[in-house]
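Okay, structure first, notes after.
This one's a predicted model, so the numbers in the text were calculated from it and none came from an experiment. As the structure lists them, so they are numbered: ligands from 1, and atoms in each ligand from 1. Count residues from 1 along the sequence.
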Amino acid sequence: METSLNSTKESLLLGSKRINLNYYPICPDPELTVGVGRHSDVSTLTVLLQRDIGGLYVRRDNDSWIHVPLANGSIVINVGDALQIMSNGRYMSIEHCVIANGSDNRISVPIFINPRPSDKIFLFLKHCPAERRPCIMKFCTGIMPSISSEKHLMGRKTTDVAKIWCHLF
Ligand SMILES: O=C(O)CCC(=O)C(=O)O
Ligand SMILES: [Fe+2]
């Protein structure tokens, strides 16, 4: 079956891209520092390139974390908060963190693929079974970076705060 891509939807999913270059200097006592604290990305998807050093952990449940295995030349794809919102939780954003390394410098290059800041994102209703009521109906992605600041998050995920904020729209 041939399906053509709707360019309006494409820009909602992938309309803006940002690349970060992360450098984590070697740390003699990694226990005493934080590489990157636990968070989920506000993106639709994040494409992550990392050197063969390791240190990226993803959360499995309340108490356990999985060290993302390193495969030569592989990339990691993280589901972000925007996709969680648009899919009404069918695809959940993944909480992750980075632990500093005791024996080598670490470099990573995340490419964040996002809706454009001016976009309002909705869940795609036709992909939402009738029995599952939407948690977040409409959401202006321009405010996501401010939600994800520590002040507003207070230990919660961006999507949890969005459930409260969305009532303002
Ligand atoms: O350095 C990494 O592997 C991940 C960095 C990260 O999670 C981020 O920049 O959002
Ligand atoms: Fe991240």
Euclidean distance, [Y] [atom2] relative to [X] [atom1], rounded to 0.5 Å:
{"X": "E95", "Y": "D41", "atom1": "CD", "atom2": "CG", "value": "11.0 Å"}
{"X": "T46", "Y": "N114", "atom1": "OG1", "atom2": "CG", "value": "7.5 Å"}
{"X": "C97", "Y": "L56", "atom1": "SG", "atom2": "CG", "value": "7.5 Å"}
{"X": "S43", "Y": "I113", "atom1": "OG", "atom2": "CD1", "value": "8.0 Å"}

Just to be sure I read this right, does ligand 1 sit under 4.0 Å from the backbone of [X], its side chain, both, or neither, counting only heavy atoms?
{"X": "Y57", "result": "neither"}
{"X": "L48", "result": "side chain"}
{"X": "T46", "result": "neither"}

Contacting atoms of ligand 1, where contact means under 4.0 angstrom from a heavy atom of [X]:
{"X": "S108", "answer": "1 (O), 2 (C), 3 (O)"}
{"X": "H96", "answer": "7 (O)"}
{"X": "P110", "answer": "9 (O)"}
{"X": "F112", "answer": "8 (C), 9 (O), 10 (O)"}
{"X": "D41", "answer": "10 (O)"}

Output every pair passing side-chain hydrogen bond (donor to acceptor under 3.5 Å, both in side chains) with a member in residues 23-35, not counting sequence neighbours, ordered by first then second residue.
Y23-N105

Is there side-chain contact between N22 and V109, with at least one heavy-atom pair below 4.5 Å?
no

The Fe ion (ligand 2): angle it makes with NE2 (H96) and NE2 (H39), nearest 10 degrees
90°

Nearest-contact summary for [atom] - protein heavy atom, Å:
{"atom": "atom 4 (C) of ligand 1", "result": "V98 CG2, 3.6 Å"}
{"atom": "atom 3 (O) of ligand 1", "result": "R106 NH2, 2.8 Å"}
{"atom": "atom 9 (O) of ligand 1", "result": "N22 ND2, 3.3 Å"}
{"atom": "atom 10 (O) of ligand 1", "result": "H39 NE2, 3.1 Å"}

I want to know if ligand 1 touches N20 in the polar sense, i.e. an N/O pair below 3.5 angstrom.
no

Grouping I, L, V, M, F, W and Y whenever their side-chain heavy atoms are under 4.5 Å apart, do V47 and L83 come out in a common cluster?
yes

The residue among I111, I75, V76 that forms side chain to side chain contact (heavy atoms under 4.5 Å, CB included) with L48 is V76

If every non-hydrogen atom of R59 is compared with every non-hydrogen atom of W65, which pair is closest and at what distance?
N-CE3, 3.5 Å

Do you know the tightest heavy-atom contact between V68 and Q50?
CG1-NE2, 4.3 Å

State the atom name: nearest N, O or S atom of D41 to the Fe ion (ligand 2).
OD1

